[in-house]
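In this chain, numbering begins with 1 at the start of the sequence shown. Ligands are counted one by one from 1 in listed order, and the atoms in each one are counted from 1 as well.
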Amino acid sequence: MISKPFTARAHTNIALIKYWGKKDKQLILPMNSSLSLTLDRFYTDTEVYFDSDLKQDLFYLNDEKKDAAKVAHFMDLVRSKSELKAFAHIKSINHVPTTAGLASSASAYAALALAASRAAGMQLSLPELSRLARRGSGSASRSIYGGFVEWQRGHDDLSSFAVPIEENTDWNICMIAVVIDKARKKISSRVGMQRVVETSPFYPAWIKSAEHDLTAIKKAIKERNLKKVGEITEENAMKMHALNMSASPHFSYFESATIEVMHLVELLRSEGICCYYTLDAGPNVKILCSVEDSEEILRRLAVKFDKKQLLIAHPGPGVQLINKK
Ligand code: ADP
Ligand code: DP6
Ligand code: CO
């Protein structure tokens with residue numbers, strides 16, 4: 001038996017209020033709620049079909065055969081929810097650098113959740129899809145939706161999922177990704193956040209402060225207040241990175257070029273350009289700004305960086321099935 005193949009496309013999202021710490025590692029329940037912007041520029045396409053002749057799941061990423069352990073664990077979940085017992089062929093293409101702090105795990109597991117559940121004969125609702133994607137990677141719960149998305153932390157498997165805040169936002173904002181290093185990060189998000197939860201003396205303060213930031217940013221988004229949204233975003237990211245530096249052993253994702261970009265953004269701001277930075281589990285910087293200001297910001301960044309390192313993204317759509325080529 002070979003099931004009908006399904007291919008899904010999901011876009012990455014960058015958190016303005018970060019998810020950084022798990023309350024439950026197995027169910028991937030977060031310590032705090034988070035909020036992100038889904039981006040049009042970066043995405044993953046994943047095709048899945050089940051094949052009863054297979055002895056195990058087969059996983060190809062960017063046309064290379066990869067260790068399927070993590071993906072197989074996720075597929076076990078899909079199998080347990082459906083009637084299907086067969087293993088699957090999984091072929092995925094990342095239009096985003098993998099494991100570089102540009103949220104490949106978010107687009108990856110959102111795409112896999114939709115493709116695998118449909119190939120297994122299930123038609124899950126969007127909240128159900130978000131819950132399933134969450135089990136692959138927490139940030140993937142948010143990539144089910146486009147635009148601004150909140151992942152409500154909830155208190156158990158049923159109550160922890162993302163909700164759209166503004167799916168099709170008409171706000172003319174963008175995010176410039178400055179790709180400093182495409183290489184695999186030294187400490188995965190999973191390991192980094194766990195170390196922080198276990199060892200940072202500041203962790204309890206983070207939880208409180210993140211919930212406060214979330215309330216404030218939702219209000220600022222509604223008011224289309226870029227200055228406020230930017231300030232909250234930048235401060236929230238710095239609090240997350242301060243946790244990493246206060247862990248034991250301490251660590252940081254910053255490289256010297258990371259700090260250079262941060263300083264340039266601060267300089268531009270002092271010149272009256274409304275732009276703010278955020279950083280995830282990697283050295284690459286994402287700059288939040290208005291579409292009108294983006295050209296000037298790109299021009300200033302181009303003095304120090306190659307054009308190929310500067311990628312501009314706008315709000316993107318939620319997960320969808322795509323026709324096979
Ligand atoms: P990132 O910053 O890119 O999200 P993470 O460390 O959070 O980095 O996640 C990377 C994890 O996601 C790795 O285990 C990687 O193998 C997995 N991953 C990335 N892309 C895909 C994909 N298209 N399909 C399945 N798994 C993927
Ligand atoms: C810094 O979702 O990649 O990007 O749930 O362990 O797979 P796992 O981690 P992941 O963590 C993302 C962390 C972050 C912030 C965010 O996206 O909210
Ligand atoms: Co990730």
What protein heavy atom is closest to [atom], reported as residue, atom name and distance in Å?
{"atom": "atom 2 (O) of ligand 2", "value": "Ser139 OG, 2.7 Å"}
{"atom": "atom 9 (O) of ligand 2", "value": "Met193 CE, 3.5 Å"}
{"atom": "atom 4 (O) of ligand 2", "value": "Asp280 OD1, 3.2 Å"}
{"atom": "atom 17 (O) of ligand 2", "value": "Arg142 NH2, 2.8 Å"}
{"atom": "atom 13 (C) of ligand 2", "value": "Tyr19 O, 3.6 Å"}
{"atom": "atom 7 (O) of ligand 2", "value": "Ser137 OG, 2.6 Å"}

Heavy atoms from other residues, nucleotides or ligands near [atom1] of [X] exceed 12 (cutoff 6.0 Å):
{"X": "Gln123", "atom1": "CD", "result": "no"}
{"X": "Glu271", "atom1": "CD", "result": "yes"}
{"X": "Lys308", "atom1": "NZ", "result": "no"}
{"X": "Lys22", "atom1": "NZ", "result": "yes"}

- Residues that Lys307 engages under side chain to side chain contact (heavy atoms under 4.5 Å, CB included), provided they are two or more places apart: none

Relative to the heavy atoms of [X], which atoms of ligand 2 are at a distance of less than 4.0 Å?
{"X": "Met240", "value": "1 (C)"}
{"X": "Ser189", "value": "3 (O), 9 (O), 10 (P), 11 (O)"}
{"X": "Trp20", "value": "1 (C), 13 (C)"}
{"X": "Ala15", "value": "16 (C), 17 (O), 18 (O)"}

Using a 3.5 Å cut-off and no angle test, enumerate the donor-acceptor pairs between side-chain atoms of residues 60-75 and protein atoms at least two apart in sequence or in another chain.
residue	atom	partner	partner atom	Å
Asn62	OD1	Asn94	N	2.8
Asp67	OD1	Ala69	N	3.4

Considering the heavy atoms of [X], write down every atom of ligand 1 situated less than 4.0 Å from one of them.
{"X": "Ala108", "answer": "20 (N), 21 (C), 22 (C), 23 (N), 24 (N), 25 (C), 26 (N), 27 (C)"}
{"X": "Ser92", "answer": "22 (C), 23 (N), 24 (N)"}
{"X": "Thr44", "answer": "23 (N)"}
{"X": "Leu61", "answer": "22 (C), 23 (N)"}
{"X": "Phe59", "answer": "24 (N), 25 (C), 26 (N)"}
{"X": "Leu102", "answer": "2 (O)"}
{"X": "Lys70", "answer": "11 (C), 14 (O)"}

- Short N/O distance, under 3.5 Å, between Lys70 and ligand 2? no

- Does an N or O anywhere in Gly138 fall below 3.5 Å from an N or O of ligand 2? yes

Would you say ligand 1 has an N or O under 3.5 Å from any N or O of [X]?
{"X": "Ser137", "answer": "no"}
{"X": "Ser188", "answer": "no"}
{"X": "Thr46", "answer": "no"}

- Any non-hydrogen atom of Gly282 lying under 4.0 Å from ligand 1? no

- Query: Do any heavy atoms of Asn94 fall under 4.0 Å from ligand 1?
  - Reply: yes

- Test Asp157 against every option in Arg134, Lys23, Lys81 by the salt bridge (Lys or Arg N to Asp or Glu O under 4.0 Å) rule and name the one that passes. Arg134

- Query: When you check the space around the Co ion (ligand 3), which protein N, O or S atoms turn up under 2.8 Å?
  - Reply: Ser105 OG

- Task: Calculate, to the nearest 0.5 Å, the distance between atoms NE2 and CG belonging to His250 and Leu243 respectively.
- Result: 14.5 Å

- Message: Can you tell me if Ser105 contacts ligand 2 (heavy atom of the residue under 4.0 Å from the ligand)?
- Response: yes

- Does Lys22 come within less than 4.0 Å of ligand 2, judged by its heavy atoms? yes

Inspect the contact between [Y] and [X] and indicate whether a charged nitrogen and a carboxylate oxygen are less than 4.0 angstrom apart.
{"X": "Arg300", "Y": "Asp293", "answer": "no"}
{"X": "Arg9", "Y": "Glu47", "answer": "no"}
{"X": "Lys286", "Y": "Asp280", "answer": "yes"}
{"X": "Glu235", "Y": "Lys239", "answer": "no"}

- Query: Which residue pairs satisfy the ring pair (Phe, Tyr, Trp, His ring centres under 6.0 Å) criterion with at least one member in residues 261-285, sequence neighbours excluded?
  - Reply: none

- Is Leu39 reachable from Leu226 through a run of I, L, V, M, F, W or Y residues, each pair having side-chain heavy atoms under 4.5 Å apart? yes

- Task: Answer whether the closest heavy-atom distance between the side chains of Val285 and Ile287 falls below 4.5 Å.
- Result: yes

- Query: Should Ile217 and Asp213 count as side-chain neighbours, where that means a heavy-atom distance under 4.5 Å?
  - Reply: no

- Heavy-atom donor-acceptor pair, Thr278 side chain to Leu16 backbone, under 3.5 Å: no

- Task: Please check if the side chain of Ser107 supplies one atom and the backbone of Tyr43 the other of a donor-acceptor pair under 3.5 Å.
- Result: no

